Protein chains: 2
Amino acid sequence: MTSRRIEIVRAARELLEHGGPAALTMRGLADQLQIKAPSLYKHLPDKGALELAIVVDGFEQAALAFEDAVLDAEDPLAAFVSAYRVFVADHPHVYRLMTEGPLPRDDLPPGLEERTAAPLVQATGDPARARAAFGFIHGMVSLEMNGRFPNDGNTEAAWARGLEAFRAPSVATELLT
Amino acid sequence: MTSRRIEIVRAARELLEHGGPAALTMRGLADQLQIKAPSLYKHLPDKGALELAIVVDGFEQAALAFEDAVLDAEDPLAAFVSAYRVFVADHPHVYRLMTEGPLPRDDLPPGLEERTAAPLVQATGDPARARAAFGFIHGMVSLEMNGRFPNDGNTEAAWARGLEAFRAPSVATELLT
DNA sequence: GTCTATAGTGGGATAGAC
DNA sequence: GTCTATCCCACTATAGAC
């Protein structure tokens with residue numbers, strides 16, 4: 001029924017991923033679909049709805065990837081970070097759209113944000129540590145994405161430091177403190 | 001001689017800070033200065049040069065603030081973070097311009113980037129730890145700026161965790177390990 | 001579901017006179 | 001250093017026919 005809408009959103013996402021935000025225009029999207037721009041408005045109220053749909057898709061895909069990564073992992077935080085970095089590397093512009101600017105929480109499917117965050121909370125074992133880890137991970141991928149780090153060995157070393165700092169304490173470690 | 005250019009850049013910065021990136025247009029800037037838009041092009045080649053000038057100003061101001069904060073501080077990392085958060089809170093849109101997208105390194109005054117980063121390297125005592133701390137700090141301020149965190153107590157707790165994790169080891173601590 | 005035609009807005013930038 | 005006049009571009013979105 002609304003399968004046309006799904007096709008449109010998927011095409012929009014490809015356009016965004018390949019050409020960045022500047023490439024995501026109603027005209028360009030219509031061209032890609034070999035229709036005319038005004039036809040899009042039969043399926044979507046406006047451009048904001050299109051961007052929101054891309055963001056929701058992104059969160060759903062990320063949630064699945066994170067859940068899968070943490071499941072049965074020996075080191076859940078390392079597994080989470082690895083999955084996170086893959087997601088960002090594969091869809092940098094979608095990630096930007098998901099994280100830059102305010103999040104339209106009221107328009108997101110209920111529970112989606114929490115679901116996406118849950119694997120990290122599990123991997124860190126503590127809400128405050130999860131938040132610190134989230135800051136670290138988001139900052140690192142953002143800076144990497146924008147080419148902010150020299151290409152020496154220090155970036156991987158920095159990742160390792162962060163993992164060490166925010167990993168949920170193991171039983172053995174807890175006995176020692 | 002080029003004092004007019006300085007006035008223009010300052011007005012542009014105010015426009016950006018108060019109205020966000022959408023408010024920074026050549027027309028709006030001209031209005032603010034009570035001149036006509038084409039006159040701006042006698043002082044600046046194009047809009048890119050204007051944005052670059054704002055970014056350079058931002059780095060210089062940040063470098064000064066960071067250097068001053070770390071100087072003689074009992075806890076240099078805490079002092080650095082505090083100064084960093086103040087800078088971002090005071091100039092969020094300038095900070096965005098400075099950090100989103102690639103950095104035009106070749107057009108920056110030589111040494112400015114290094115100078116801005118130096119206080120953090122000093123406060124962490126190690127390049128890899130500095131990079132991890134930078135990731136953490138940038139991620140935290142970005143997420144705070146975009147209203148990504150619930151307004152519970154966990155955000156300040158997360159800041160404290162990060163400080164603890166990336167602080168340069170004190171002599172006393174080193175003797176214990 | 002798609003089209004044509006078009007409105008309406010806003011933006012960056014140049015030429016050439018004063 | 002500023003002006004007027006203007007160009008050219010791109011975009012979102014609507015009305016109404018097929």
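Predicted model only: the values in this text are computed from it and were never measured. By convention in this document, chain letters (A, B, ...) are assigned in the order of the sequence lines, proteins followed by strands, and residues within each chain are numbered from 1. Below, all heavy atoms of this structure are taken into account, side chains as well, without hydrogens, waters or symmetry copies.
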_Distance below 4.0 Å between B:Ser39 side-chain N/O and D:dC3 OP1 or OP2_ = yes
_Just the rounded figure in Å: distance from C1' of D:dG1 to NZ of B:Lys36._
15 Å
*asked:* Using whole Å, what does the distance between atom P of nucleotide C:dG12 and atom CG of B:Asp46 come to?
replied: 11 Å
*Could you tell me the separation between the CD atom of A:Glu7 and the C1' atom of C:dT2, rounded to a whole number of Å?*
14 Å
_Counting only side-chain heavy atoms from C-beta out, which of C:dT14, C:dG1, C:dC3 sits nearest to B:Tyr41?_
C:dT14
*asked:* Which label fits A:Phe80 and A:Phe66: parallel for a plane angle under 30°, tilted from 30 to 60°, or perpendicular past 60°?
replied: tilted
*Just one of B:Asp107, B:Leu112, B:Val9 clears the side-chain contact (heavy atoms from CB on, under 4.5 Å) bar with B:Val56, so which one?*
B:Leu112
Pairwise N/O distances under 3.5 Å, protein to nucleotides 6-11 of chain D:
{"from": "D:dC11", "atom 1": "N1", "to": "A:Arg27", "atom 2": "NH1", "distance (Å)": "3.4"}

*Could you give the CG-to-P distance, from B:Leu40 to D:dT4, as a whole number of Å?*
14 Å
_Atom pair distance, as rounded to whole Å: CG in B:Leu29 and P in C:dG10_ = 17 Å
*Hey, is the side chain of A:Arg5 poking within less than 4.0 Å of OP1 or OP2 on C:dG1, counting only N and O atoms?*
no
*Is a side-chain N or O of B:Thr2 found less than 3.5 angstrom from the main chain of B:Arg5, in a donor-acceptor match?*
no
*Check: A:Leu64 main-chain N/O paired with A:Asp68 side-chain donor or acceptor under 3.5 Å*: no
*On DNA chain D, check which nucleotide each of B:Lys42 and A:Lys42 is closest to and give me the residue with the more 5' one.*
B:Lys42
*Out of B:Leu16, B:Val55, B:Ile8, B:Leu40, which residue meets the side-chain contact (heavy atoms from CB on, under 4.5 Å) rule with B:Leu50?*
B:Ile8
*Return the value, rounded to whole Å, for the distance between atom CG of B:Leu33 and atom P of D:dC3.*
10 Å
*Tell me, please, whether B:Phe166 has A:Arg161 positioned over its six-membered ring: NZ or CZ under 6.0 Å from the ring centre and within 45 degrees of its axis?*
no
*Rounded to the nearest angstrom, tell me the gap between atom CG in B:Asp31 and atom P in D:dT2.*
14 Å
*In whole angstrom, what separates A:Leu44's CG from C:dG1's C1'?*
13 Å
*Give a yes or no on whether the ring-centroid distance for B:His138 and A:Phe136 is below 6.0 angstrom.*
no
